[in-house]
Number of protein chains: 2
Amino acid sequence: MHSLSEENYLKAIYSQAKEGAHKITPTSIAEELRNNPASVIDMLKKLGDKKLLNYDKVKGARLTEKGTKIAIEIVRKHRLWEVFLLEKLGYSWGEVHDIAEQLEHIHYEDLTDRLDKFLGYPNYDPHGDPIPDKNGKIPATKWQALAEVEIGKKVKVMNVDDNSPDFLKYLDKQEIGLNSILTIKEIQNFDKSLLVELKGKKEIYLSPEASRKIFVE
Amino acid sequence: MHSLSEENYLKAIYSQAKEGAHKITPTSIAEELRNNPASVIDMLKKLGDKKLLNYDKVKGARLTEKGTKIAIEIVRKHRLWEVFLLEKLGYSWGEVHDIAEQLEHIHYEDLTDRLDKFLGYPNYDPHGDPIPDKNGKIPATKWQALAEVEIGKKVKVMNVDDNSPDFLKYLDKQEIGLNSILTIKEIQNFDKSLLVELKGKKEIYLSPEASRKIFVE
DNA sequence: TCACTTTATTAGTCTTGACTAATTATATTT
DNA sequence: AAATATAATTAGTCAAGACTAATAAAGTGA
Ligand SMILES: [Mn+2]
Ligand SMILES: [Mn+2]
Ligand SMILES: [Mn+2]
Ligand SMILES: [Mn+2]
């Protein structure tokens with residue numbers, strides 16, 4: 001098996017690739033892992049030796065098939081544990097991420113699949129992120145940032161792009177969660193803030209930053 | 001928080017004390033952790049500096065109150081996770097220990113107590129070991145080794161003293177588990193093997209080693 | 001008591017995965 | 001193009017936690 005550190009690197013690189021980063025650099029990885037580029041370069045060398053990725057200055061870091069597979073397994077575990085923590089232990093969606101960050105590194109024959117079964121084979125985690133299946137297949141999702149939605153449209157919240165406790169607590173306070181139904185009432189000209197109607201409840205203003213982190217269909 | 005390694009040392013020392021070891025030495029700890037006495041001495045120094053234990057050559061290692069508290073928390077987590085793995089994920093009692101060995105090191109506010117609640121506040125783990133409560137209280141148990149039971153007595157299996165997959169698989173094959181009802185039929189003179197009747201099922205021979213690891217009431 | 005065996009301890013190394021500081025490459029501005 | 005800023009890389013260090021080999025201390029048996 002791979003060390004906790006190695007796994008976190010693979011996951012970080014995978015997630016940047018998934019977000020469409022055109023080049024994954026020591027600096028970008030260091031930022032994500034909150035460590036420094038010199039450390040990252042050491043690790044890139046090591047993971048390169050293990051054939052889990054290729055790194056060169058021009059193309060940046062790219063996971064090999066083997067590396068991708070491992071990253072996806074960790075993502076799968078992470079998201080399944082999040083579901084567990086929310087549904088079975090009653091944590092809020094703002095708390096589950098940090099705990100799953102640890103649980104994702106527990107390895108044992110069959111553990112992930114049993115957890116999956118126990119949870120009833122969920123397709124999405126508490127933040128609306130898709131859970132890879134046993135074979136690493138990930139349901140494609142094609143949601144739209146709330147910021148892109150036209151005025152007047154009625155949409156459903158499917159995903160949030162920022163799992164930080166801060167942001168999620170902010171949404172909790174606004175009473176926005178997954179599956180909330182929103183209608184765009186106004187877009188402020190001066191800063192692109194949105195005025196949205198939260199179905200049946202109230203109207204609220206959302207900052208442009210927030211509206212770029214909320215995905216809907 | 002303390003490192004995974006530190007926690008494993010505290011747990012090892014705690015468990016030897018619990019078993020009534022009159023002196024806990026670098027060698028005995030090294031044996032339990034499958035590492036070597038020189039490493040243990042380094043760690044004893046470190047844990048001593050942190051006031052988690054006192055070590056001297058004559059008295060051996062003794063946990064302080066603070067050290068004991070931490071050890072009990074880890075034991076609590078370990079046993080609760082074992083219950084989870086058995087009851088919710090369907091692992092056998094021979095598999096749960098190794099997984100719990102990893103899970104016991106996951107830390108997060110409230111996690112243990114929520115798990116406890118989710119599991120319905122169990123009192124014993126899958127091996128019959130008592131689970132410390134929220135305050136570290138451990139239900140006293142006063143069971144008898146099967147090896148000590150008189151001929152003719154009918155007893156119930158309450159605990160097994162060896163959590164290794166090997167031993168537990170051996171018991172599975174004999175169809176002995178927690179709560180099995182046994183009647184001692186014969187004690188072989190030449191080696192103290194027991195002939196026991198497994199209620200309603202069959203008669204089997206148990207080696208003296210096995211009968212010292214099975215606790216009954 | 002003396003030789004022998006077992007334990008404890010120290011000293012020195014090693015690996016992992018960080019870090020800082022210095023250096024070299026690349027990009028951006030002027 | 002030169003000056004400047006940013007990014008990548010190298011070199012050297014460090015702490016944690018392990019190990020081996022060497023030495024010191026206890027314990028045991030004859
Ligand atoms: Mn992680
Ligand atoms: Mn998530
Ligand atoms: Mn452990
Ligand atoms: Mn147990």
Side-chain angles (χ1 to χ4, degrees), chain A residues 1-14 16-17 19 21-63 67 70-71 74 101-102 104-107, chain B residues 1-14 16-17 19 21-63 67 70-71 74 101-102 104-107:
Chain A
M1 229 7 60
H2 309 89
S3 73
L4 184 147
S5 245
E6 290 173 324
E7 292 183 351
N8 283 334
Y9 276 96
L10 294 174
K11 194 162 64 106
I13 295 165
Y14 174 81
Q16 290 189 18
E19 279 164 17
H22 77 267
K23 191 178 167 190
I24 299 170
T25 63
T27 311
S28 72
I29 297 169
E31 263 162 29
E32 179 158 351
L33 296 179
R34 300 156 160 291
N35 66 5
N36 79 44
S39 311
V40 173
I41 287 179
D42 285 348
M43 186 58 94
L44 289 177
K45 214 160 287 165
K46 187 173 158 196
L47 295 173
D49 291 346
K50 292 192 176 188
K51 309 287 184 205
L52 299 176
L53 57 77
N54 295 110
Y55 171 64
D56 86 59
K57 195 202 295 241
V58 178
K59 296 184 174 177
R62 295 188 180 173
L63 296 182
I70 295 169
I74 299 168
E101 206 56 47
Q102 302 175 57
E104 71 190 0
H105 305 290
I106 304 286
H107 293 291
Chain B
M1 228 7 60
H2 308 90
S3 74
L4 184 148
S5 243
E6 290 172 325
E7 292 182 353
N8 283 335
Y9 277 96
L10 293 174
K11 194 162 65 104
I13 294 165
Y14 174 79
Q16 290 189 18
E19 279 163 18
H22 75 126
K23 190 178 168 190
I24 299 170
T25 64
T27 309
S28 72
I29 297 169
E31 262 163 29
E32 180 158 350
L33 297 178
R34 300 156 157 292
N35 67 5
N36 80 46
S39 311
V40 173
I41 287 178
D42 285 348
M43 187 57 94
L44 289 176
K45 214 160 287 164
K46 187 173 157 197
L47 295 173
D49 290 347
K50 293 193 176 188
K51 310 287 183 205
L52 299 176
L53 58 75
N54 295 109
Y55 170 63
D56 88 58
K57 196 202 296 237
V58 177
K59 296 183 173 176
R62 295 188 182 174
L63 296 182
I70 295 169
I74 299 169
E101 206 56 46
Q102 302 175 57
E104 70 190 3
H105 304 290
I106 305 287
H107 293 291

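Letters A, B, ... mirror the listed sequences (proteins, then strands); counts begin at 1. For the numbers below, each heavy atom of this structure counts, side chains included, while hydrogens, waters and symmetry mates do not.
Atom CD1 in I41(A) sits roughly 9 Å away from atom C1' in dA7(D) (whole-Å rounding). Per the geometry, OH belonging to Y55(B) stands 6 Å off P belonging to dA8(C), to the nearest Å. Going from atom NZ of K23(A) over to atom C1' of dA27(C) covers 11 Å, rounded to whole Å. As a whole-Å value, the separation of M43(B) CE from dA8(C) P is 18 Å. As rounded to whole Å, 17 Å separates atom C1' of dT15(C) from atom NE2 of H2(A). Atom NZ of K59(B) and atom P of dA26(D) are 16 Å apart (whole Å). At whole-Å resolution of the value, CG in L4(B) and C1' in dT16(C) are 15 Å apart. A straight line from CG of N8(B) to P of dA16(D) spans 17 Å, rounded to a whole angstrom.
Contact annotation: Y9(B) does not reach the phosphate of dA16(D) (side-chain N/O to OP1 or OP2, under 4.0 Å). Here S5(A) does not reach the OP1 or OP2 of dT16(C): none of its side-chain N or O atoms lies under 4.0 Å away. For K45(B), a side-chain nitrogen or oxygen approaches OP1 or OP2 of dT10(C) to under 4.0 Å.
No side-chain donor-acceptor contact under 3.5 Å links S5(B) and N8(B).
Under the side chain to side chain contact (heavy atoms under 4.5 Å, CB included) criterion, D49(B) pairs with no residue, sequence neighbours left out. Legend: residues meeting side chain to side chain contact (heavy atoms under 4.5 Å, CB included) with I41(A), ordered by chain and number and at least two apart, are P26(A), K45(A). Residues forming a side chain to side chain contact (heavy atoms under 4.5 Å, CB included) with D42(B) (at least two apart in sequence, or on another chain): none.
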Which atom pairs, one a donor and one an acceptor, fall under 3.5 Å between side chains of residues 27-34 of chain B and the rest of the protein, sequence neighbours left out?
unit_1: S28(B); atom_1: OG; unit_2: Q16(B); atom_2: OE1; d: 2.8
unit_1: S28(B); atom_1: OG; unit_2: T25(B); atom_2: N; d: 3.1
unit_1: S28(B); atom_1: OG; unit_2: T25(B); atom_2: O; d: 3.0
unit_1: S28(B); atom_1: OG; unit_2: T25(B); atom_2: OG1; d: 3.4
unit_1: E32(B); atom_1: OE1; unit_2: Q16(B); atom_2: NE2; d: 2.9
unit_1: E32(B); atom_1: OE2; unit_2: S15(B); atom_2: OG; d: 3.2

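In terms of modelled atom types and a separation under 3.5 Å, the side chain of K51(B) and the main chain of G67(B) share no donor-acceptor contact.
Sorted by first then second residue, the salt bridge (charged side-chain N to carboxylate O under 4.0 Å, His left out) pairs that include residues 2-13 of chain A, not counting sequence neighbours, are E6(A)-K46(A), E6(A)-K50(A), K11(A)-E101(A), K11(A)-E104(A).
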Polar atom pairs between nucleotides 19-25 of chain D and protein, under 3.5 Å, N or O only, would you list them?
unit_1: dC19(D); atom_1: OP2; unit_2: N36(B); atom_2: N; d: 3.2
unit_1: dC19(D); atom_1: OP2; unit_2: N36(B); atom_2: ND2; d: 3.2
unit_1: dC19(D); atom_1: OP2; unit_2: S39(B); atom_2: OG; d: 2.7
unit_1: dC19(D); atom_1: O5'; unit_2: N36(B); atom_2: ND2; d: 3.4
unit_1: dA25(D); atom_1: O3'; unit_2: K57(B); atom_2: NZ; d: 3.4

